[in-house]
Participant: 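Sending over a structure as structure tokens; questions will come in a sec.
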There are 2 protein chains.
Amino acid sequence: MSTIKDIAKRANVSVATVSYVLNNTRFVSPEKKKRVEEAIKELNYVPNAVARGLRVKNSKVISLVVSDITNPFYPDIAKACEQVAYQSGYTLNIVNTNDQDDRFIKAVMQLREGKVDGIINTTVLDHHRSLMENLIKDKYPIVLAHRLLDGINMDTVVADNIQAAIDATNHLINLGHKKIAFMTGVTKSSINNLRIKGFLKAMKDANLPTKEDWLASGQAKYQQSYDLTKELLKNSNNRPTAIINISDLGALGVLDAAGDLGIMVPEELAVVGFDDLFISSMRSVQLTTIRIPRYEIGQKSMELLIDKITNNDTNNHHNILLPAELIVRKTCGSRIID
Amino acid sequence: MSTIKDIAKRANVSVATVSYVLNNTRFVSPEKKKRVEEAIKELNYVPNAVARGLRVKNSKVISLVVSDITNPFYPDIAKACEQVAYQSGYTLNIVNTNDQDDRFIKAVMQLREGKVDGIINTTVLDHHRSLMENLIKDKYPIVLAHRLLDGINMDTVVADNIQAAIDATNHLINLGHKKIAFMTGVTKSSINNLRIKGFLKAMKDANLPTKEDWLASGQAKYQQSYDLTKELLKNSNNRPTAIINISDLGALGVLDAAGDLGIMVPEELAVVGFDDLFISSMRSVQLTTIRIPRYEIGQKSMELLIDKITNNDTNNHHNILLPAELIVRKTCGSRIID
DNA sequence: TTGAAAGCGCTAACAA
DNA sequence: TTGTTAGCGCTTTCAA
């Protein structure tokens with residue numbers, strides 16, 4: 001591995017000159033420049049980014065922290081982030097915490113360690129509050145994507161989850177449903193709670209009762225929602241006629257459980273999800289859902305973050321709210337059910 | 001941001017001592033140790049990993065390079081990689097090249113830049129050969145996962161794709177199919193070509209003809225395969241009775257196209273995919289496919305890589321071949337078709 | 001137009 | 001048991 005010194009020696013110039021041609025940061029005479037470039041080629045030289053980073057105090061890398069890369073929700077955000085990061089000369093590192101706290105902490109600590117210039121965080125839970133608060137206090141560039149942490153003044157970009165849940169619920173209510181179950185996700189997630197709030201509000205506004213065991217957690221996962229659905233529907237006397245699941249992945253579990261139980265969707269059971277994953281649009285699924293604008297969330301988050309970094313503007317915070325849209329497909333039908 | 005100097009000053013010890021307690025690399029008297037630890041806490045000190053990296057010449061990070069994180073195939077590999085990396089004290093950075101060459105080059109260059117200690121590469125194409133060759137020649141730790149680059153002696157871990165394609169084809173042949181189409185992926189991918197090879201071999205061994213336009217590229221994507229299927233099936237006189245798609249994502253496109261065309265699966269058309277994605281196992285899909293052991297690929301790749309790094313063993317190369325398994329579900333039926 | 005050299009924050013060899 | 005200091009590879013100030 002050759003260093004800038006080797007290049008300088010071979011090109012018969014100073015290391016400073018090499019640095020100048022490398023970074024195009026000062027005029028260098030054509031002859032010297034040419035010698036340097038040749039030496040670089042001959043030695044297959046690539047500047048050490050670590051040394052450079054130490055000196056200039058930035059890395060030109062941004063981390064996107066996700067809790068589960070296996071959930072198709074996140075890759076879409078990641079893709080968008082990478083796109084805009086690249087355009088601005090940044091590299092995106094996706095880090096998967098696998099829902100584990102120590103991983104999460106390690107990931108955000110990259111900021112203090114000097115390894116990354118900023119972080120887009122899609123995975124804060126409530127008990128990370130003070131950790132995040134300290135980072136913000138110390139002016140590290142962070143934006144929360146699809147997450148909220150109330151009480152902390154920081155940058156966020158989220159969809160309008162309350163309204164989304166209201167829309168989903170009203171859709172069902174307008175179809176005549178009165179017995180609606182709501183399958184939630186991880187209780188400590190802000191987004192989760194906002195959706196519950198929206199659901200409860202819509203129900204209340206329509207003077208509809210909400211049963212306690214019809215508001216339970218499928219953890220936004222397929223299998224858990226599948227199991228929970230079987231539980232929920234086993235008593236044929238008092239069944240919900242509709243289930244809203246907090247995620248499409250979970251809604252898929254609902255659909256499959258209903259299928260295995262011989263319950264027809266949408267005739268006997270309406271189901272709606274959240275997210276609008278690719279799978280949900282497939283011919284054999286056709287799930288009615290709320291589209292969370294993932295690509296836009298990723299994009300806006302990255303734009304916001306890079307803006308903060310570039311302008312060194314860590315004092316003003318922006319809170320961007322994106323609309324979510326109800327996508328009506330086939331899992332709710334259009335019939336009025338008693 | 002405080003540095004090791006600040007800690008030394010505040011704890012009234014030398015920077016060396018601070019470093020020793022930080023890294024637990026030499027005995028330090030309890031009193032001093034305590035003072036150092038207090039200072040660290042008080043100043044909220046976190047060592048600068050960049051400076052450390054420059055000094056010790058490693059980063060304890062490994063990159064996983066993928067072409068499209070949005071393809072559910074890769075997140076599974078990523079998850080496995082992260083798991084084993086973490087256990088060995090490494091951090092995993094997933095980098096998404098979005099199928100673009102400049103991104104790919106940037107990603108592997110991290111090795112020369114000193115930003116990462118090793119790379120697991122799931123996205124080499126044929127024209128990256130010399131780039132990879134140089135890296136290998138210079139002893140950088142790299143393993144190819146789910147990719148091959150023949151002619152270069154390097155570490156690889158892949159499933160047995162030829163056999164997998166043979167198994168898939170024979171399954172169809174045994175069911176009585178004679179008119180089998182094979183929908184391929186990106187032509188320059190080694191895995192793709194191995195699968196074609198397996199298909200061709202099985203057909204030849206069974207004395208079955210292969211039509212040229214029945215061997216076309218759906219690019220391993222949903223939409224492309226959907227479109228291609230419509231094309232393929234529009235002439236009802238001379239249709240294949242079975243389609244093998246090089247990926248489950250593509251096979252889903254085949255399934256949906258058939259559905260939209262009113263062609264019944266499996267009665268009128270059998271379809272088999274490759275990968276065994278989660279979606280494929282869903283109740284409404286039930287795709288017959290070849291399971292590529294993604295988790296195991298990720299795991300073995302990372303173990304191999306870390307082993308190389310740890311033992312500085314960049315001379316010996318291992319080529320791991322994992323079995324792939326035919327998963328029979330419902331898209332081929334069990335009837336013999338003419 | 002160019003070069004010498006300081007210094008980024010850390011580790012570790014050497015000295016005490 | 002602890003401290004001093006060189007040096008990792010680079011950028012950039014200052015001087016020429």
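All values derive from a computational prediction rather than experimental measurement. The chains referred to below are lettered A, B, ... by the order of the sequence lines, with proteins before strands, and numbering in each begins at 1.
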Participant: Which word best sums up how the rings of H146(A) and F73(A) line up, parallel for under 30°, tilted for 30 to 60°, or perpendicular for over 60°?
Facilitator: tilted
Participant: Just the rounded figure in Å: distance from C1' of dT5(D) to NZ of K5(B).
Facilitator: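 So the two atoms are 12 Å apart, to the nearest Å.
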Participant: Please pick, from dT11(D), dG9(D), dT4(D), the nucleotide with the shortest atom-to-atom distance to any side-chain atom of M1(A).
Facilitator: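 For the M1(A) side chain, the nearest candidate turns out to be dG9(D).
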Participant: Does a nitrogen or oxygen in the side chain of T17(B) sit under 4.0 Å from OP1 or OP2 of dT1(D)?
Facilitator: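 Answer is no, no contact under 4.0 Å.
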Participant: Would you tell me if any nitrogen or oxygen in the side chain of K32(B) comes within less than 4.0 Å of OP1 or OP2 on dG3(D)?
Facilitator: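 Yes, such a contact exists.
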Participant: Any idea which of dT2(C), dC8(C), dT11(C) is nearest the V28(A) side chain?
Facilitator: dT2(C)
Participant: Counting only side-chain heavy atoms from C-beta out, which of dT1(C), dT12(D), dG9(D) sits nearest to A51(A)?
Facilitator: dG9(D)
Participant: Between D155(A) and H317(A), do the side chains contain a donor N or O and an acceptor N or O under 3.5 Å apart?
Facilitator: yes
Participant: Of the options dT11(D), dA12(C), dA4(C), whose atoms approach the side-chain atoms of R55(A) most closely?
Facilitator: dT11(D)
Participant: Does a side chain donor of either H127(A) or D101(A) reach within less than 3.5 Å of an acceptor in the other side chain?
Facilitator: yes
Participant: Provide, to the nearest angstrom, the distance between the CD1 atom belonging to I40(A) and the P atom belonging to dC10(D).
Facilitator: 10 Å
Participant: Side chain of S14(B) only, heavy atoms from C-beta on: which candidate in dC10(C), dG3(D), dT11(C) is closest?
Facilitator: dG3(D)
Participant: What nucleotide, of dG9(C), dC10(D), dG3(C), holds the atom closest to the side chain of L54(B)?
Facilitator: dG9(C)
Participant: Nearest whole angstrom, please: distance from the C1' of dG9(D) to the CG of N23(A).
Facilitator: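 In whole Å, dG9(D) C1' and N23(A) CG are 13 Å from each other.
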Participant: Take R26(B) and K57(A), find for each the nucleotide of DNA chain C with the closest heavy atom, and name the residue whose nucleotide sits nearer the 5' end.
Facilitator: K57(A)
Participant: How long is the gap from CG on L305(B) to OG on S63(B), to the nearest 0.5 Å?
Facilitator: 10.5 Å
Participant: Please state how far atom CG in N58(B) lies from atom P in dG9(D), giving the value in whole angstrom units.
Facilitator: 14 Å
Participant: Between dT12(D), dT2(C), dT4(D), which one does the side chain of V56(A) approach most closely?
Facilitator: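 My answer, after comparing the listed nucleotides, is dT12(D).
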Participant: OP1, OP2 of dT11(D) versus side-chain N and O of R52(A): anything below 4.0 Å?
Facilitator: yes
Participant: Nearest to the side chain of N48(B), heavy atoms from C-beta on, is which of dA6(C), dG3(D), dG9(C)?
Facilitator: dG9(C)
Participant: What is the separation between atom CG on N24(B) and atom C1' on dA12(C), rounded to the nearest whole Å?
Facilitator: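 Going from CG in N24(B) over to C1' in dA12(C) covers 15 Å.
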Participant: Determine whether the side chains of Q83(A) and Y295(A) contain a donor N or O and an acceptor N or O closer than 3.5 Å.
Facilitator: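 Side chains of Q83(A) and Y295(A): pair found under 3.5 Å.
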Participant: Give the rounded distance in Å between these two atoms: CG of D6(A) and P of dC8(D).
Facilitator: 11 Å
Participant: If I take atom NZ in residue K115(B) and atom P in nucleotide dC8(D), what distance separates them, rounded to the nearest angstrom?
Facilitator: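 Taking atom P of dC8(D) as the reference, NZ of K115(B) is at 21 Å.
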Participant: Counting only side-chain heavy atoms from C-beta out, which of dC10(D), dA12(C), dT11(C) sits nearest to Y20(B)?
Facilitator: dA12(C)
Participant: Could you tell me how far apart I4(A) (CD1) and dA6(C) (P) are, to the nearest whole angstrom?
Facilitator: 17 Å
Participant: Does OP1 or OP2 of dC8(D) have a side-chain N or O of T3(A) closer than 4.0 Å?
Facilitator: no
Participant: Between Y45(A) and dC10(D), is there a side-chain N or O to OP1/OP2 distance below 4.0 Å?
Facilitator: yes
Participant: Please determine which of T123(A), I120(A), V124(A), I119(A) meets the side-chain contact (heavy atoms from CB on, under 4.5 Å) test together with L144(A).
Facilitator: V124(A)
